Amino acid sequence: MGAGRVCRGGSADGPSSSISPSSAQPPSETASTSVTQTVNGSHDFKITGYSLSKGLGIGRYIASDMFMVGGYSWAIYFYPDGKSPEDGASYVSLFIALASEGTDVRALFELALLDQSGKEQHKVHSHFGRNLEAGPYTLKYRGSMWGYKRFFKRTALEESDYLKDDCLSVRCSVGVVKSHTEGPKVYDIPVPPSNINEHFGLLLERVEVTDVRFDVNGEVFNAHKLVLAARSPVFMAQFYGPMKDRDKECIQVDEMEAPVFKALLHFIYWDVLPDIEELTGLSAKCASTLMAQHLLAAADRYALERLRLLCEVKLCEDVAINTVATTLALAEQHHCQQLKSVCLKFVALPENLRAVMQTEGFEYLKTSCPSVLTQLLDYVARTGEHCAVTHDYISQALDGGDANGRRVKQRV
């Protein structure tokens with residue numbers, strides 16, 4: 001049997017396999033970062049019937065429900081007679097405990113006994129916001145605790161503002177320390193922002209794929225039943241509920257102007273208010289306010305809460321002498337409490353009231369929502385500013401005349 005031969009390196013006659021230093025590639029440069037931060041959470045624990053818990057026994061506790069922070073379960077332990085026998089029930093003890101399996105869980109803690117007098121003078125022991133020489137506290141295993149055996153002298157606690165109606169309130173905050181290493185990304189894929197509203201908005205212009213038409217004062221609008229139903233529970237019931245208008249080719253919309261319905265459809269598809277000037281061809285502020293008033297009523301009619309709130313915000317910003325009375329009536333009819341409050345405050349000013357009473361909107365307010373005038377009187381009485389003068393103006397209005405005793409001409 002012949003012996004095999006192992007060749008090591010090149011032969012004397014063959015080419016050399018060594019690489020010269022000048023031909024070597026430079027080392028690649030990479031980097032990574034270790035990130036250490038806390039995952040924070042808190043839990044409020046209310047202890048009622050404190051006096052009944054006394055006498056429970058040293059070392060015996062009342063526990064909160066378990067709560068999750070940083071992937072671990074925790075519980076607050078309150079010892080009404082203290083945790084340590086050597087203290088002889090002179091102190092209450094308060095601890096936070098790891099209530100789930102875990103090994104060497106590192107965390108920051110804060111235990112606070114809340115001041116119930118409103119003075120915000122809480123009794124707080126905290127790791128947060130401090131320069132910790134030894135770092136975060138480490139809990140070795142399930143049941144490990146952090147806290148204070150002598151958290152509060154019991155006699156002092158019972159005379160303090162921390163105890164109210166025989167109740168104590170405790171707040172515990174936990175910050176679980178988590179570390180991870182971030183390496184360099186091997187990809188760079190830019191993700192554009194969501195443009196779903198643009199797709200839906202453009203869908204409104206595709207007349208050939210619509211499946212429902214609306215006749216609003218002789219003007220016809222095309223739309224999609226599924227889109228309308230997804231946005232409005234009223235349309236959902238109309239097309240797919242007991243009302244079942246799904247088979248109608250054209251639906252008549254009463255008591256609404258065509259530009260308002262057009263603006264309503266614009267919001268349903270685009271989720272933003274339309275450009276009022278572009279929609280109406282009018283640049284006056286009062287035109288914008290009028291459209292917002294009509295849109296608010298339409299939003300309430302079709303249960304479009306976001307649109308209703310957007311209109312309410314705009315009307316709060318655009319309160320003016322010639323429109324406030326109509327807006328106030330609208331706020332009363334559609335239960336817009338903040339808008340109503342803004343309008344009442346504006347009308348109640350003596351420098352505004354006389355001018356508001358001369359507007360057509362005030363006549364409409366008197367006939368449609370007479371109770372609001374009484375509420376205006378109550379509002380003025382509560383504020384106490386220029387009460388007598390304003391009270392006289394409104395009292396005259398309730399009787400059908402102005403502040404000088406003249407009948408106010410109806411302008412409707």
Side-chain angles (χ1 to χ4, degrees), residues 38-102 105-132 136-178 337-338 341 382:
T38 59
V39 179
N40 300 328
S42 63
H43 183 78
D44 287 347
F45 180 33
K46 188 172 185 179
I47 303 163
T48 63
Y50 162 79
S51 60
L52 297 176
S53 69
K54 292 193 296 183
L56 185 64
I58 296 173
R60 303 189 69 179
Y61 58 81
I62 298 169
S64 71
D65 279 344
M66 289 190 293
F67 58 97
M68 293 290 296
V69 178
Y72 297 96
S73 295
W74 306 88
I76 303 169
Y77 284 46
F78 175 71
Y79 297 78
D81 293 328
K83 193 174 186 291
S84 178
E86 59 265 24
D87 290 329
S90 298
Y91 291 86
V92 297
S93 304
L94 190 61
F95 284 82
I96 175 70
L98 179 62
S100 61
E101 296 299 331
V105 180
R106 301 173 70 236
L108 305 178
F109 300 105
E110 179 176 286
L111 289 170
L113 190 59
L114 302 184
D115 177 8
Q116 301 188 72
S117 69
K119 300 175 183 176
E120 300 291 321
Q121 295 178 355
H122 311 308
K123 181 174 177 60
V124 180
H125 293 281
S126 179
H127 283 147
F128 293 91
R130 290 169 48 194
N131 185 14
L132 302 173
Y137 190 80
T138 301
L139 295 97
K140 297 292 186 181
Y141 46 79
R142 179 178 182 176
S144 298
M145 294 184 174
W146 177 87
Y148 294 87
K149 293 180 181 178
R150 296 181 175 181
F151 189 83
F152 211 118
K153 188 87 170 176
R154 199 160 77 167
T155 53
L157 172 64
E158 292 170 1
E159 296 174 355
S160 71
D161 290 328
Y162 303 110
L163 183 65
K164 182 180 180 182
D165 299 328
D166 208 29
C167 295
L168 296 171
S169 289
V170 174
R171 177 171 297 155
C172 176
S173 298
V174 180
V176 178
V177 178
K178 298 276 189 177
Q337 296 306 317
Q338 291 194 59
S341 178
R382 287 196 306 270

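Given the structure is predicted, the values throughout are model-derived calculations rather than measurements.
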Exercise. Is the CE atom of Met66 crowded by more than 12 outside heavy atoms at less than 6.0 Å?
Worked result: no
For this session: Evaluate whether atom NZ of Lys54 has more than 12 neighbouring non-hydrogen atoms of other residues, nucleotides or ligands under 6.0 angstrom away.
Result: yes
For this session: Check whether NZ of the Lys or CZ of the Arg Lys123 lies under 6.0 Å from the centre of the six-membered ring of Phe152 and within 45 degrees of that ring's axis.
Result: yes
Exercise. Please walk me through it: do Leu168 and Leu157 pass side-chain contact (heavy atoms from CB on, under 4.5 Å)?
Worked result: CA-CA 10 Å; Leu168 296 171; Leu157 172 64; 3.9 Å; yes
Exercise. What distance do Thr38 atom OG1 and Lys178 atom NZ have between them, rounded to the nearest 0.5 Å?
Worked result: 11.5 Å
For this session: State whether the side chain of Ser173 and the backbone N or O of Glu110 hold a donor-acceptor pair below 3.5 Å, judged by distance alone.
Result: no
Exercise. Step by step, would you call Thr48 with Asp166 a side-chain contact (heavy atoms from CB on, under 4.5 Å)?
Worked result: CA-CA 6 Å; Thr48 63; Asp166 208 29; over 6 Å; no
Exercise. Do Val174 and Val176 come within less than 4.5 Å of each other through their side chains, counting heavy atoms only?
Worked result: yes
Exercise. Would you say the side-chain atoms of Asp81 pair up with the backbone N or O of Leu56, donor to acceptor, closer than 3.5 Å?
Worked result: yes
Problem set entry | Pairwise distance CZ(Phe95) to CZ(Phe78) - rounded to 0.5 angstrom | 12.0 Å
Problem set entry | Spacing of CD1 belonging to Ile96 relative to CG belonging to Leu139, to within rounding of 0.5 Å | 9.0 Å
Exercise. Out of curiosity, Leu98 CG to Trp146 CH2, how far, rounded to the nearest 0.5 Å?
Worked result: 15.0 Å
Problem set entry | Donor-acceptor under 3.5 Å (Asp115 side chain, Ser117 main chain) | yes
Exercise. In this structure, are over 12 heavy atoms from other groups packed under 6.0 Å from Arg154 atom CZ?
Worked result: yes
Exercise. Has the side chain of Ser93 got a donor or acceptor atom that lies under 3.5 Å from a matching backbone atom of Lys149?
Worked result: yes
Exercise. Between His127 and Tyr137, how do the two ring planes meet: parallel, tilted or perpendicular, split at 30° and 60°?
Worked result: parallel
Seminar exercise, completed: Smallest heavy-atom separation, Ser144 atom then Tyr141 atom, equals OG-O, 2.8 Å
For this session: Could you grab the distance from atom CG of Asp87 to atom CD1 of Ile58, nearest 0.5 Å is fine?
Result: 8.0 Å
Exercise. Judged by atom type as modelled, is there a donor-acceptor pair below 3.5 Å linking the side chain of Ser100 to the main-chain atoms of Ser73?
Worked result: yes
Problem set entry | Residue pair Phe151, Tyr79: steps toward the side-chain contact (heavy atoms from CB on, under 4.5 Å) verdict | CA-CA 10 Å; Phe151 189 83; Tyr79 297 78; over 6 Å; no
Exercise. Above 12 or not: heavy atoms from other molecules or residues under 6.0 Å from OH of Tyr148?
Worked result: yes
Problem set entry | Gln121 side-chain N/O to Asp161 backbone N/O, donor-acceptor pair under 3.5 Å | no
For this session: Starting from the C-alpha separation in whole Å, work towards a yes-or-no answer on side-chain contact (heavy atoms from CB on, under 4.5 Å) for Phe45 and Phe67.
Result: CA-CA 11 Å; Phe45 180 33; Phe67 58 97; over 6 Å; no
Seminar exercise, completed: Minimal heavy-atom distance between Ser53 and Ile62, with the atoms involved, is CB-CD1, 3.6 Å
Problem set entry | Side chains of Leu113 and Leu94 in contact at under 4.5 Å (non-hydrogen atoms) | no
Exercise. Roughly how far apart are Lys83 NZ and Arg60 CZ, rounded to 0.5 Å?
Worked result: 14.5 Å
For this session: Look at the aromatic rings of Tyr72 and Trp74 and report parallel, tilted or perpendicular, splitting at 30° and 60°.
Result: perpendicular
